[in-house]
Amino acid sequence: MHAYRTHTCGQLRKADVGQTVRLSGWVNRRRDHGGLIFLDLRDHYGVTQCVIEPDAAAFATVDSARSEWVLTLTGKVVARSDETVNKDLSTGEVELRIEQASVQSQAQELPLPVFGDHTYPEETRLTYRFLDLRRERLHKNIMLRANIVTSLRRRMVEQGFTEFQTPILTASSPEGARDFLVPSRRYPGQFYALPQAPQQFKQLIMVAGFDRYFQIAPCFRDEDGRADRSPGEFYQLDLEMSFVTQDDVFAAVAPVLAGVFEEFGQGKKVTPADEFPRIPYAEAMLKYGTDKPDLRNPIEIVDVSEIFGRAEVEFKAFKNKTVRAIPAPGAGPQPRSFFDKLNEWARGEGAAGLGYIQFEDEGGALVGKGPIAKFITGAALADMAKAAKVKAGDALFFSADAKADRAANLAGMARTRIGRELNLIPDGEYKFCWIVDFPMYEWNEDDKKIDFSHNPFSMPQFDRDKFLALDKGDNDTILGLKAYQYDIVCNGYELSSGAIRNHDPDVMLKAFEIAGYAREETEEKFKGMINAFRHGAPPHGGTAPGIDRIVMLLAGEENLREVTMFPMTQSAQDLLMNAPSPANPKQLKELHLRVVYPEK
RNA sequence: GGGGGCGUAGCUCAGUUGGUUAGAGUGUCGGCCUGUCACGCCGAAGGUCGCGGGUUCGAGCCCCGUCGCUCCCGCCA
């Protein structure tokens with residue numbers, strides 16, 4: 001007989017009755033009846049009830065066992081009587097009558113009970129992650145993650161993609177997030193950087209002629225965390241393709257995502273791969289107030305600046321401002337507190353407030369009610385109701401600001417909030433869309449200069465010769481430029497960001513020049529890549545869906561820690577491994593480093 | 001860097017207007033119990049109320065500071 005087990009704890013059935021078997025696992029639960037002890041033995045596969053009576057030789061050993069001890073139990077499989085069958089357990093028709101027991105490992109009093117589905121504070125869970133991972137919820141999530149990754153790999157390979165590994169110790173990139181630096185021992189004062197993404201490598205792989213690349217790629221960014229953004233590191237399904245247009249990338253990626261959501265979505269409705277709506281960035285900002293709209297929310301924002309600008313509308317607070325209207329279907333009869341609460345929330349967000357009108361039917365005519373309704377009457381009211389598609393019984397909220405993007409932003413947050421308050425967001429759906437036509441550049445108000453708006457390696461949607469001839473001071477044209485850049489959004493989460501890349505060295509130097517980088521500087525920083533582009537570069541493009549967020553959505557979780565095996569705290573500490581921690585003097589010396597602590 | 005929430009027994013939490021010895025559940029330890037599956041019953045041990053300072057006759061509770069966890073803003077091409 002095997003030293004540890006002949007079966008797993010999830011395996012035994014009625015058909016096994018009469019066999020002598022051996023199981024190993026953790027004590028999930030112990031029920032001591034004095035003359036009779038039940039032990040639920042748990043392993044990766046399941047739970048089996050084991051039982052022993054006082055006259056058995058192994059009784060003393062079993063009697064001493066406590067929660068989470070690791071035991072090896074040998075005995076006969078017996079059928080349970082009809083009254084004692086446990087229908088909630090896959091092994092519930094049988095039990096193990098213990099004949100031999102040995103203790104493989106003991107456990108101290110638990111700082112975090114494994115049994116039960118209670119919630120515990122993050123600090124305890126992270127410090128004792130190995131215990132938390134034994135618990136059903138996390139164990140299930142981590143297995144789901146592994147299965148999703150396996151499925152993604154299979155789907156990618158089936159589409160002709162090949163997985164390649166790219167370096168972890170590499171060079172710093174001047175754009176984007178803060179780098180993690182690794183000091184060089186051999187080159188004093190010099191540093192490697194951990195990749196924020198394998199961006200340049202995957203483009204080089206295309207130049208090298210491999211045609212279709214993918215990788216489950218670790219990415220490192222030294223930025224603060226959020227519930228849907230791990231601090232420090234995360235994983236992407238990184239992919240790149242040669243000789244493709246934007247449509248080709250869409251056609252390759254949408255089926256992979258839709259497929260994996262169909263496979264693991266437990267019957268929830270998924271947008272079909274060929275039906276992901278394409279929403280231009282500008283339209284998303286107007287209709288949803290964000291570039292990652294939750295399309296399950298039926299509310300659509302409309303611009304009503306023109307109506308508030310009319311001479312007969314005398315509501316001074318909204319004059320000469322961008323005013324966005326957020327319809328709240330069915331909210332008309334809500335109590336005053338509903339409106340006050342939203343107004344208070346908006347003030348908390350730094351806005352002046354959130355004006356509103358309630359629409360009612362008065363003898364067949366649509367009338368407005370509420371504090372600012374008296375300013376908007378007649379044609380203005382009718383036009384507004386028509387524009388926002390509201391009717392009697394609905395309400396309309398207003399987000400106004402002298403700056404259009406701030407009005408849009410607040411409207412977007414209000415849309416989400418109102419959708420939730422009114423229960424308009426159905427849970428049983430995964431709604432995908434593409435956000436396309438991102439602006440190439442944006443105005444940086446702090447530095448009074450033009451910046452890349454998203455990915456500096458994207459191809460501008462503009463005639464090549466005209467782009468090369470662009471006057472650097474022609475801000476109107478430059479800020480109007482769009483890029484072949486796109487995101488995939490699902491239920492309000494940005495799942496993926498990608499682009500058709502700029503593979504033309506001249507266009508690239510010009511693109512960086514517009515963003516304020518001297519040609520020599522660009523040549524120096526991206527020497528490898530630009531040099532490669534001068535030796536035969538195929539047109540190429542790709543994207544990189546975030547693995548962690550995909551799993552989070554499919555697991556129905558709202559925090560990435562729930563789908564990450566060993567996450568850090570929000571403040572980027574690993575409480576289990578105790579990282580970061582000080583380096584010893586010898587290490588510092590080898591690395592030519594001296595620590596200068598910040599002044600208090 | 002900024003704002004909100006939380007921090008009390010191994011664990012999860014309660015703790016009134018500032019007032020005697022800080023409680024419950026669970027776990028742990030001891031006793032009883034042969035059909036439980038959140039087993040049950042009896043008993044016991046277990047506390048730097050995150051930390052430091054202040055106000056007060058008296059602080060878990062009020063004030064100031066600080067640390068940790070968390071959510072959000074900034075940041076995240």
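Keep in mind that what you see is a predicted model, and the values were worked out from it rather than measured. Chain letters run A, B, ... following the sequence lines, proteins first and then strands; every chain starts at 1.
Checking A:Ala197 against A:Arg561, the closest nucleotide of RNA chain B that is more toward the 5' end is the one next to A:Arg561. Comparing A:Pro121 and A:Leu126 by the nucleotide of RNA chain B whose heavy atom lies nearest to each, the residue mapping closer to the 5' end is A:Pro121.
Between A:Arg66 and B:C29, a side-chain N or O to OP1/OP2 separation shorter than 4.0 Å is present. Taking only side-chain nitrogens and oxygens, A:Arg29 comes nearer than 4.0 Å to OP1 or OP2 of B:C39. In this structure, A:Gln49 does not reach the B:U36 phosphate: none of its side-chain N or O atoms is under 4.0 Å from OP1 or OP2. At B:G68, none of the side-chain N or O atoms of A:Ser571 fall inside 4.0 Å of OP1 or OP2 (strictly under the cut-off).
If you check B:G1, B:G35, B:C69 against the side chain of A:Glu53, the one that comes closest is B:G35. Closest to the side chain of A:Leu575, out of B:C72, B:C37, B:C69, is B:C69. Picking from B:G74, B:C37, B:U12 the nucleotide with the shortest atom distance to the side chain of A:Asn86 gives B:C37. Each of B:U70, B:C11, B:G35 was ranked by its minimum atom distance to the side chain of A:Glu122; first place goes to B:U70.
Between A:Asp437 and A:Lys482, none of the side-chain N atoms (NZ, or NE/NH1/NH2) sits under 4.0 Å from a carboxylate O, so this pair counts as no salt bridge. Residues A:Glu136 and A:Arg42 are not paired through a salt bridge, judged by the lack of any N-O separation under 4.0 Å between the basic side chain and the carboxylate.
Rounded to whole Å, atom C1' of B:C73 lies 9 Å from atom CE of A:Met413.
Spacing of P atoms, B:G2 relative to B:G60, comes out at 30 Å, to the nearest Å.
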